[in-house]
Amino acid sequence: MSTLLDVKDLVVRFYTQEGTVYAVNGVSFELEEGETLGIVGESGSGKSVSCLALMGLIPSPPGKVEAGTVMFEGRDLLTLKPDQMRLIRGKEIAMIFQDPMTSLNPVLTIGTQITESLKLHEGMNTSQSRKRAADLLDMVGIPDAYRRLDDYPHQFSGGMRQRVMIAMGLSCNPKLLIADEPTTALDVTIQAQIIELVKQLKDEFNMAMIWITHDLGVVAGIADRIQVMYGGRIMESGTSNEVFRDSRHPYTVGLLGSLPRLDSSGEEKLTQIEGSPPDMRNEPAGCPFAPRCDVREYLQLEKCWDQRPPLENVPDADGGSMHIMSCWADIREGVAENV
Amino acid sequence: MSSPAMAIDKRKTNTEDDNILEVTALKKHFPISSGIVFQRQVGAVRAVDGVSFNVIRGETLGLVGESGCGKSTTGRTILQLYRPTEGSVKFEGQELSTMTGNDLRQMRRRMQIIFQDPFASLNPRMTVGSIVSEPLQIHKMYANKKERQQYVEQLMEKVGLNPYFINRYPHEFSGGQRQRIGIARALALQPSFIVADEPISALDVSIQAQVVNLMEELQDELNLTYLFIAHDLSMVRHICDRVAVMYLGKIVELGPVDEVYENPQHPYTQALLSAVPVPDPVVEENRQRIIISGDLPNPASPPTGCNFNTRCPVAFDLCYQEPDPPLIEVRPDHFVSCHRVT
Ligand SMILES: Nc1ncnc2c1ncn2[C@@H]1O[C@H](COP(=O)(O)OP(=O)(O)OP(=O)(O)O)[C@@H](O)[C@H]1O
Ligand SMILES: Nc1ncnc2c1ncn2[C@@H]1O[C@H](COP(=O)(O)OP(=O)(O)O)[C@@H](O)[C@H]1O
Ligand code: SF4
Ligand code: SF4
Ligand SMILES: [Mg+2]
Ligand SMILES: [Mg+2]
């Protein structure tokens, strides 16, 4: 496998009337061909903005990509002109969003919207593109696909609209699919349908995928690697097994501890992380999690406040492991039991 | 450590007859009208279509099911925020469905609701103090202004808000804090029963545990009874004693949480539980998912026969011919509505 995407030191800010929003503060990650990366974190942690940035979709003003490189197949996407970028979006990289209604045009039929992209990217004529559009809808499990090409988005349910978005996303065989909370607005039974569909199509199309979510359960079943974000930075990253079963960052540990489990009876009190997520209008000098971190408190680590912990291999990582985190403490040293 | 015995234990601290609420054959249909000049009714959305259950004093009963299946409508019809189309709601022994005027107002003091969206449910132009004390003024309690303020400060402290912020406005608070304000307001009239309609769905993951822990503490301290409406089935298992699973306006399964989660009987419950992802890759890898196809049917024209027959993986002849299967006790305290099971 070779590297498909290489993001380095991405910094994105929004200059708003209420002040500067430090949305993404130095994010680096790589993605192999065919690999699935899960990006998790609470709302506002910078998940969407990092992905919008690499797609060249940051609204400007107020937003600005301040630094970083995004190497995709040998080119730095951040240096491309808007029309070069437009060709990459949709053809090489596709994106699906949480609310398909906002990405579908309510006054155009489903068919028109799918065929538009096929005509643009694949140079098909009307009847070719209609045929292909119907095939695509059929592929994502929409019954009676040819007839439904003439329906409008509001005639589809939420789950069906998300299927349409997936069909559109995949229409040009992209190498990378970015899915930003694509199932968050859906019921669990429909979510299970969509996840199953995407898993199957991902293998069929041999795509790499970035799946953004705040639901840690969703990515546990689909991602090869997980990246945990907080305050516009990566806190921990590793294989699913490493991050979920050998979590090392106090935030990851806290987050997993605060989740009740479907598969165990809920007699114990949930451990809660105190305080609230950070106000992104301040750029913390040290670790963004410091105000809420009980490990820092227990160990009385003063440097957490003013020194930014580097994103490095966790202590004692196995040879070759890419299990990394950004934290001054080693929670295994008898700390975890005491906080 | 899931022993059904423990769950029953937890529940049996209340006696069987100590029902705070008894809902019988409750229906709420919303008329669909058509015509521009002359509106005439052309049909009805059967949002709640004959549900029966009890709520035991001091327990938390979970109400789960897909979006649009009638959870919120059930909650609101119980509180008489919607008047029932049919059926009975008995609260602390009194029939609410026929109650009106001052009697109903008095009963409402004992039953409150907490909403999902802490942003939309608080008036942005009112201070926290006036939001929390509004119900007191409506019900003419604590006429003395100073006493009222003291009481509101107490409430704020109880829900973990610094009383120092009594004169601040909702936008100055985070989502979790706003939900605390909503809880303080719900507690102001010292209710015995609270409908919590997705109280944590809009909150950040790390804040959800805070609010749930608070609700559990308040329940113990004030002997509250909750009807907990939720999407998050993992949280329901954690917080609830019993759970009712709704599908298209009806309850399809009802029982103690551990019993239902470990031994789901209705095909819909089985599919629903199997669809919930667990944050553990090893568990996920070994899980068998039951994927049910299609969407929830339109509640204005439910299928004939069993409501679930359009999506049920194990439907057979009877399911299309017979009327909806009745809710029958298949094991102690565990009720199911399915021809396959009963
Ligand atoms: N005031 C109303 N007028 C007409 N139809 C309504 C009204 N309120 C609810 N409904 C319909 O009744 C059905 C049940 O709605 P309800 O809000 O109770 O669902 P729910 O289970 O709470 O869903 P969710 O999980 O999305 O909150 C839906 O089809 C809904 O569209
Ligand atoms: N268009 C915008 N204008 C101003 N601030 C924005 C904009 N988009 C995102 N932000 C801010 O950037 C931060 C990160 O946002 P985002 O990446 O969307 O978070 P999430 O992790 O929930 O996807 C947040 O503080 C958010 O409010
Ligand atoms: S660097 Fe310090 S504050 Fe940040 S997570 Fe680690 S211990 Fe906590
Ligand atoms: S009654 Fe029939 S259709 Fe309904 S849930 Fe049972 S098996 Fe399925
Ligand atoms: Mg987002
Ligand atoms: Mg609702």
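Since we're looking at a predicted model, the values are computed, not measured. Residue numbers start from 1 in every chain, and the chains themselves are labelled A, B, ... in the order their sequence lines are given, proteins ahead of strands.
- Within the 4.5 angstrom heavy-atom criterion, only side-chain atoms of B/I291, from C-beta onward, approach chain A.
- Chain A forms more heavy-atom pairs under 4.5 Å with one residue of B/G294, B/S234, B/A271 than with any other, namely B/S234.
- Taking 4.5 Å as the limit, some side-chain heavy atom of A/M139 sits within range of a side-chain heavy atom of A/L201.
- For the residue pair B/H238 and A/E268, no side-chain donor N or O sits within less than 3.5 Å of a side-chain acceptor on the partner.
- Only the side chain of B/V212 comes within less than 4.5 Å of a heavy atom in chain A; its backbone stays farther off.
- For chain A, the nearby parts of B/S67 are the backbone and the side chain; heavy atoms of each come within less than 4.5 Å.
- Rounded to the nearest 0.5 Å, atoms OH (B/Y261) and SG (B/C240) are 7.0 Å apart.
- When the candidates A/G257, A/G254, A/A220, A/S240 are compared by the number of heavy-atom contacts under 4.5 Å with chain B, A/A220 comes out ahead.
- Between A/R261 and B/D280, the closest side-chain pair of non-hydrogen atoms falls below 4.5 Å.
- Proximity to chain B is limited to the side chain of A/Q191, based on heavy atoms less than 4.5 angstrom apart.
- Salt-bridge formation is detected for the pair B/E259/B/R331: a Lys NZ or Arg NE/NH1/NH2 atom is positioned less than 4.0 Å from an Asp or Glu carboxylate oxygen.
- With chain B as the partner, the residue from A/P143, A/A192, A/P260 showing the most heavy-atom pairs under 4.5 Å is A/P260.
- Residues of residues 156-164 of chain A lying under 4.5 angstrom from chain B, judged on non-hydrogen atoms, are A/S157, A/M160 in numerical order.
- Between B/D295 and B/R311, none of the side-chain N atoms (NZ, or NE/NH1/NH2) sits under 4.0 Å from a carboxylate O, so this pair counts as no salt bridge.
- In this structure, CD in B/Q270 is found 7.5 Å from CD in B/E253, a value given to the nearest 0.5 Å.
- The candidate from A/R292, A/R245, A/E274 with the greatest count of non-hydrogen atom pairs under 4.5 Å with chain B is A/R245.
- Looking at A/I273, the atoms closer than 4.5 Å to chain B (heavy atoms on both sides) sit in the backbone and in the side chain alike.
- Other residues, nucleotides and ligands contribute only 12 or fewer heavy atoms inside 6.0 Å of the CD atom of B/E285.
- With a 4.5 Å cut-off on side-chain heavy atoms, B/V252 and B/C338 do not count as touching.
- Heavy atoms of B/E66 lying under 4.5 Å from chain A belong to its backbone as well as its side chain.
- Inter-residue side-chain proximity for B/Q177 and B/Q210 is flagged as unmet; no heavy-atom pair is nearer than 4.5 Å.
- Of the listed residues B/G65, B/A209, B/S206, the one with more heavy-atom pairs under 4.5 angstrom with chain A than any other is B/S206.
- Neither the backbone nor the side chain of B/L296 comes within contact range of chain A; no heavy atom of the residue lies under 4.5 Å from a heavy atom of that chain.
- Both the backbone and the side chain of A/E42 come within less than 4.5 Å of a heavy atom of chain B.
- Using cut-offs of 30° and 60° on the angle between ring planes, the pair A/F289 and A/H249 is tilted.
- For the set A/T239, A/L186, A/V188, A/T271, the entry with the most heavy-atom pairs within less than 4.5 Å of chain B is A/V188.
- A heavy-atom distance below 4.5 Å is found between the side chains of B/Y226 and B/L218.
- Between chain A and the residues B/D232, B/V236, B/V276, the most heavy-atom pairs under 4.5 angstrom are made by B/V276.
- Of the inter-residue distances, the one linking B/Y268 atom OH with B/I290 atom CD1 reads 12.5 Å to the nearest 0.5 angstrom.
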